[in-house]
Amino acid sequence: MAYIVDLRSDCVTKPTKSMKHAMVNSALGDDVFGEDPTVNMLESKVATLLGKQAALYVPSGTMSNLLAVMVHCKKRGSEAIVGNLSHIYKYEQGGAAHLAGVLLSTIQNKPDGTFDLCELEKKFRGDDIHEPITSLVAIENTHNSCGGKVLPLEWVDKLSEICKKHSIPLHMDGARMMNASIALKEPPSRLVQGCDSISICFSKGLSAPVGSCLVGSYHFIEQARRLRKMLGGGMRQAGVIAAAAVVALDEVMPLLEFDHKRAQILAKTIHGLQLKNFLIDVSGVHTNIVMVNISKDIPLQAEQLVQRLQQVSLDETQGDCKTSNDEGVIVKAVSFSDKIMRLCLHADITDEELWMAIMKITFVFKQLDAHYSTK
């Protein structure tokens with residue numbers, strides 16, 4: 001059987017042994033009544049870590065972002081401005097409109113995950129009775145669709161000043177914010193000091209099996225807690241899963257730098273092949289995500305490349321890609337567009353597995369590059 005190296009996402013990780021031990025031995029209570037001591041400890045820990053007043057444990061980052069939109073945009077028909085490549089806009093099924101009655105207006109993301117602040121200020125609406133009222137600005141850090149980019153602190157600070165000037169709250173979708181903190185060597189509280197609310201995820205990169213936290217002021221979290229119940233997110237003895245999130249912050253978060261280093265090795269190795277049809281922007285690899293750009297001059301699509309990496313040819317089982325049982329290597333990845341494939345490093349990838357993936361990728365990329373270069 002071929003050896004599988006799963007680089008689809010940092011959500012495919014399994015709970016660590018410490019997490020499983022903590023889950024079995026966690027102190028429990030009813031969280032809807034606010035009586036689960038493990039959940040309460042997690043929420044207090046996260047609020048302190050981010051320098052905010054309170055936090056709320058929720059099942060997913062999608063629910064966390066939706067709750068933020070619902071609390072900040074109190075009136076149906078309000079408007080939230082988000083990047084056109086943001087997770088809230090692309091991957092949350094339009095929940096803000098469907099469930100909250102909030103219009104998501106987009107602003108063009110730059111390659112680094114930011115957007116033009118002058119353009120943003122011109123987009124604010126509400127004075128004209130024909131228009132919706134702009135009630136929220138949301139950003140993403142790290143920025144997934146832009147390749148795991150870390151937002152510059154100076155840009156976030158300037159954005160915060162603009163939002164405060166117009167009395168518009170600022171929300172950060174910080175699903176991978178801990179990666180940004182490690183990359184910048186800055187405490188998480190510094191990254192979000194100008195934000196009114198933040199969502200962080202424990203199952204992206206941090207190896208916990210489930211859960212996110214929404215963070216903000218006491219009043220904000222009080223409202224979010226009520227809405228969480230309405231959305232079906234009120235959990236009972238949730239300490240069973242919250243315990244894994246506590247371990248994630250204590251034990252896995254400090255190890256994120258190794259995911260970043262492995263991503264750099266992967267990116268530099270592919271770049272060093274000097275292939276004509278597969279390109280890597282090494283300087284753009286800030287954290288644990290590597291984007292492979294396929295040349296527009298060839299008919300190969302990203303999904304086809306993903307499928308090829310999951311196939312094992314006879315040549316591979318007899319060459320550098322073979323494993324100890326001569327069955328070869330399968331690398332799992334995801335396509336992000338017709339010409340972009342994403343590779344995502346995470347805690348379950350060892351150095352040995354990284355090099356197995358590199359051997360497989362090198363073999364396939366060289367083979368395809370030669371094939372299309374001769375046409």
Side-chain angles (χ1 to χ4, degrees), residues 43-58 61-76 78-83 86-89 92 95-96 100-107 113-115 117 120-121 123-126 132-143 150-178 180-181 186-201 212-228 231:
E43 291 174 345
S44 177
K45 185 182 186 71
V46 171
T48 300
L49 185 65
L50 270 61
K52 303 299 180 183
Q53 292 179 340
L56 180 68
Y57 186 51
V58 299
T62 296
M63 180 181 285
S64 186
N65 285 332
L66 177 59
L67 286 170
V69 171
M70 294 176 75
V71 174
H72 289 306
C73 304
K74 297 177 177 63
K75 295 182 179 179
R76 293 182 67 84
S78 297
E79 172 186 62
I81 299 177
V82 299
S86 67
H87 193 280
I88 291 176
Y89 180 68
E92 297 182 10
V102 175
L103 170 68
L104 292 180
S105 293
T106 60
I107 184 169
T114 66
F115 44 74
L117 296 182
L120 172 71
E121 204 161 8
K123 290 179 74 71
F124 291 157
R125 300 191 287 179
I133 299 173
T134 304
S135 302
L136 178 66
V137 174
I139 55 177
E140 186 176 332
N141 195 16
T142 65
H143 201 293
V150 178
L151 299 183
L153 282 176
E154 300 79 8
W155 181 84
V156 177
D157 290 342
K158 290 178 181 177
L159 170 60
S160 173
E161 291 174 6
I162 291 172
C163 289
K164 283 181 171 58
K165 183 175 73 173
H166 293 273
S167 299
I168 296 174
L170 176 63
H171 173 70
M172 179 183 287
D173 174 2
R176 295 184 176 90
M177 196 198 72
M178 297 311 173
S181 173
E186 293 280 357
S189 57
R190 172 64 187 90
L191 274 64
V192 301
Q193 67 181 20
C195 297
D196 297 281
S197 61
I198 310 99
S199 171
I200 67 167
C201 184
S212 291
C213 257
L214 181 62
V215 189
S217 68
Y218 290 126
H219 181 61
F220 173 84
I221 293 300
E222 181 181 23
Q223 296 174 81
R225 187 178 298 275
R226 181 176 180 84
L227 291 170
R228 181 188 70 171
L231 294 177

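Note: hydrogens, waters and symmetry copies are ignored here, and every other heavy atom, side chains too, is used.
Residues Ser197 and His171 share a closest heavy-atom pair of OG-ND1, 2.7 Å. Of all heavy-atom pairs spanning Leu50 and Pro188, the tightest one is CD1-CB, 4.1 Å. For the pair Ala55 and Ile221, the tightest heavy-atom approach, listed with the atom from each and the gap, is O-CG2, 3.8 Å. The heavy-atom pair separating Asn141 from Ala180 by the smallest distance is OD1-CB, 3.7 Å.
Every residue meeting the ring-ring contact (aromatic ring centres under 6.0 Å, His included) condition with His72, not counting sequence neighbours, appears here in chain and number order: Phe220. Evaluation of the salt bridge (Lys or Arg N to Asp or Glu O under 4.0 Å) rule for Arg125 yields Glu79 as partners, not counting sequence neighbours. Residues that satisfy the salt bridge (Lys or Arg N to Asp or Glu O under 4.0 Å) test with Glu186, not counting sequence neighbours, are absent from this structure. Here Lys52 pairs with nothing under the salt bridge (Lys or Arg N to Asp or Glu O under 4.0 Å) rule; sequence neighbours left out. Residues passing the salt bridge (Lys or Arg N to Asp or Glu O under 4.0 Å) test with Lys75, sequence neighbours excluded: none.
A heavy-atom distance below 4.5 Å is not found between the side chains of Lys74 and Ser135. Using a 4.5 Å heavy-atom cutoff, the side chains of Thr106 and Leu104 are not in contact. Glu121 places a side-chain heavy atom less than 4.5 Å from the side chain of His166. When side chains are defined from C-beta on, Phe115 counts as touching Val137, because their heavy atoms get closer than 4.5 Å. Counting heavy atoms from C-beta outward, Leu136 and Ile81 have side chains that stay 4.5 Å or more apart.
With Ser189 contributing its side chain and Gly51 its backbone, the two residues share no donor-acceptor pair below 3.5 Å.
Using a 4.0 Å cut-off between charged side-chain N and carboxylate O, Asp157 and Arg190 make a salt bridge.
Evaluation of the salt bridge (charged side-chain N to carboxylate O under 4.0 Å, His left out) test over residues 213-227, restricted to residues two or more places apart or in two chains, returns Glu43-Arg225.
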Q: Go through the steps for Leu66 and Glu92 under the test side-chain contact (heavy atoms from CB on, under 4.5 Å), then give the verdict.
A: CA-CA 9 Å; Leu66 177 59; Glu92 297 182 10; 5.6 Å; no

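With Asn65 as the partner, the side-chain contact (heavy atoms from CB on, under 4.5 Å) test is satisfied by one option alone out of Ser199, Ser86, Ser212: Ser199.
Counting non-hydrogen atoms of neighbouring residues, nucleotides and ligands closer than 6.0 angstrom, the NZ atom of Lys164 exceeds 12 such neighbours.
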